[in-house]
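What you see below is based on every heavy atom in this structure, not just the backbone, and it leaves out hydrogens, waters and symmetry mates.
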Amino acid sequence: MSELFKRTHMCGELNAENIDENIILNGWVAKRRNLGGLIFVDLRDKTGITQVVFNNDVPEELFNKADSLRGEFVIGIKGVVKERSSKNDKLPTGDIEVFANDIVIYSSAETPPIYIKDDDNVDDNLRLKYRYLDLRKKKMQDNLTLRHRVVKCTRDYFDFNGFTEVETPMLIKPTPEGARDYLVPSRMNPGHFYALPQSPQMFKQLLMVGGTDKYMQIVKCFRDEDLRADRQPEFTQIDLEMSFVDQDDVMSVQEGFLKKVMKDIKNVDIEIPFERLTYDDAMDRFGSDKPDTRFGFELKKLKEATSGCEFDVFNKAEDVRGICVENASSEFSRKNLDKIITEAKQYGCGGVVWIRVEEDKYNSSVNKFFDQDGLKKIADVFDAKPNDLILIVADKSKVVYDSLGFLRRHLASKLGLLDDNKFNFLWVVDFPLFEGDEETGEMKAMHHPFTQPKIDEIHMLDTEPLKVKADAYDIILNGVELGGGSIRIHDKDLQTKMFNVLGLTEAECDEKFGFLIEAFKYGVPPHAGLAYGLDRLVMLLLGESSIREVIAFPKNQNAECMVSEAPGIASKEQLEELGISVNE
């Protein structure tokens, strides 16, 4: 065992005020350069890099020891801080260097399979396989540090506002919440399974029944679903619930929280209250229930402007809408447009019609169906100007919304309009209570079956359930859903009616939600809540495009941990003990 040098400073802390101080540093060798009579070592820890110098004045044994160093050796050094003769303005420590007078090598290192630098452009799978090396990068350490600060800010704010942090169970009963459960077999109860929670929804409602009044928890949640940049099989929520509150109360508390986060973390003052959009307005204007309002390109209805035209695609479509990309037609060649239209087709549309507004005419992909007056009639809906580009989709309303919602944000990204330093928060409210399942046609709750319908629309549950609005609300930041919540049903008869509308039998209700229904017999306060995606919040604060960049050990697109190689294969003995057989 080597002697431990007890450090006095972190590598990134030293500056001109430390000149002539005797200090001790520990860290990893980022680089070593032997210039004959001088050896320079860049020593790195999570805070940054300091240049360490070994010269001919040190004992030969020490000089040779320094010469043996290689990248990623872990060492400790003792030395004196000196002013650097050739300063490096790219480093916070660039005004100084440390002249070493002693060194200890804690461990040697083989050549790492990835470079330990922020701009290495390493394949993502390789980064995830050697994540412990990837985490040595300053960027990743900064990301994890900012995540820590957000968590601390969260706990401080909700503690100050009277919330109690309570842990809820990880091994729960499988319940229908929209995604597949991760199941855990019970050895003590053969043939029975726990589920890992998709959210603590029912337990936090039980905490309100139990009189907790204001609950919060920073909690792991699990969903077995297809992955993408902002999804992981295990993710972290900031989970909240409050008693005796209405929608305005919940929103006010959350706006205060986000204002504090933005000030403490980004030193940005945001205005509250946030803008509120109804679900219907959000879809009509932006084609999305999580609209990005940092730029324009709002959707416009074109059914009237195209009525009577010779183009059957428009005439026969349920909905015709378009967007106008201002002053950008020249930015997109025909080849670029064709590629963009191909990408839009993944959202279900058969194609996209384009119109270029020129100085004295209109040019379009449907010129043979429209004369100049017909194209002008469409352009006038947008008050279009020369060099504007109009894109139109005609199809079922959902396909139109999805396709144009994608196009407006995709084109804004290509035009550099997605400013990571601009933070547009807004609420989307008045969601439909139910939606039809596209595959089965069955009705399902848009959020979850505990969401309260608008009080003045409860009478419509029997006759027109798909027209009933929910007391639900989502908080949106720059086109990303940060979180969502609702007023909960606290009346046991209304909760039973909700289950009935969803087609659940009494036996199914008892099997899936019996413990909640039982609790509701004994006095339930009006209550409401919300849950944030912590990973998404941190991702947006950092301007990252994937939540993998803010999670220490994320899974890949196949839900695999590249470091530990999970999921693994259980032994025959383990499976037999659990009463499980596996089809090979």
Side-chain angles (χ1 to χ4, degrees), residues 175-179 198-202 204-205 208 215-216 221 223 237-255 257-258 273-291 398 401 405 425-437 443-461 464-477 479-491 494-495 497-499 501-502 513 516 524-533 536-537:
T175 58
E177 292 198 49
Q198 295 184 34
S199 79
Q201 181 62 46
M202 285 189 284
K204 67 180 180 179
Q205 290 191 250
M208 298 301 101
Y215 142 92
M216 72 83 60
C221 300
R223 293 179 186 173
Q237 281 187 353
I238 303 171
D239 202 47
L240 308 159
E241 200 76 11
M242 305 164 66
S243 290
F244 305 109
V245 293
D246 61 17
Q247 180 173 285
D248 289 338
D249 296 323
V250 176
M251 289 182 172
S252 178
V253 169
Q254 306 318 316
E255 287 170 351
F257 165 62
L258 292 168
F274 301 151
E275 178 185 4
R276 298 187 190 185
L277 283 179
T278 66
Y279 171 85
D280 290 341
D281 284 345
M283 297 302 293
D284 280 346
R285 292 174 57 190
F286 303 101
S288 171
D289 60 0
K290 41 184 180 292
K398 185 180 186 310
Y401 286 143
F425 291 91
L426 63 89
W427 293 102
V428 175
V429 299
D430 297 347
F431 285 84
L433 186 62
F434 304 107
E435 61 182 342
D437 189 292
M443 194 160 55
K444 61 181 181 180
M446 179 169 273
H447 284 77
H448 53 62
F450 315 111
T451 299
Q452 181 171 281
K454 292 286 186 180
I455 297 298
D456 59 356
E457 297 182 1
I458 290 176
H459 67 280
M460 298 164 58
L461 286 173
E464 298 178 292
L466 287 174
K467 292 185 179 180
V468 178
K469 294 287 192 290
D471 257 328
Y473 36 83
D474 283 358
I475 181 68
I476 311 300
L477 172 58
V480 177
E481 178 191 333
L482 280 186
S486 66
I487 307 296
R488 320 303 188 190
I489 297 171
H490 67 276
D491 180 272
L494 179 57
Q495 185 64 76
K497 188 174 190 64
M498 182 75 169
F499 291 148
V501 173
L502 288 169
F513 310 111
L516 183 68
V524 188
H527 58 287
L530 181 141
Y532 293 97
R536 289 185 185 180
L537 174 58

Query raised in the report: Does the side chain to side chain contact (heavy atoms under 4.5 Å, CB included) test come out yes or no for L461 and F434, once each step is laid out?
Result: CA-CA 10 Å; L461 286 173; F434 304 107; 3.8 Å; yes
Query raised in the report: Of D456, D430, D280, which meets salt bridge (Lys or Arg N to Asp or Glu O under 4.0 Å) against K469?
Result: D280
Please report the shortest heavy-atom distance between [X] and [Y], naming the atom on each side.
| X | Y | result |
| --- | --- | --- |
| P200 | Q237 | CD-OE1, 3.9 Å |
| V245 | A528 | CG2-CB, 4.0 Å |
| L482 | L537 | CD2-CA, 3.7 Å |
| A445 | L502 | N-CD2, 3.6 Å |
| D474 | G484 | OD1-CA, 3.3 Å |

Query raised in the report: What residues, two or more places apart in sequence or in another chain, satisfy salt bridge (Lys or Arg N to Asp or Glu O under 4.0 Å) together with K290?
Result: none
Query raised in the report: In a check of side-chain hydrogen bond (donor to acceptor under 3.5 Å, both in side chains) between R488 and each of Q205, E241, Q452, which one passes?
Result: E241
Query - E464/K467 salt bridge by N-O under 4.0 Å criterion - result: yes
Query raised in the report: Salt bridge check: are D491 and K497 linked by an N-O gap of less than 4.0 Å?
Result: no
Requested in this report: Describe, in one word, how the ring planes of F274 and F425 are oriented to each other, choosing from parallel (under 30°), tilted (30 to 60°) and perpendicular (over 60°).
Outcome: parallel
Requested in this report: Anything under 30° is parallel, anything over 60° is perpendicular, the rest tilted; go ahead and classify W427 against Y473.
Outcome: perpendicular
Query raised in the report: Are the side chain of E435 and the backbone of H447 linked by a donor-acceptor contact shorter than 3.5 Å?
Result: no
Query - Donor-acceptor contact below 3.5 Å, side chain T451 vs main chain H448 - result: yes
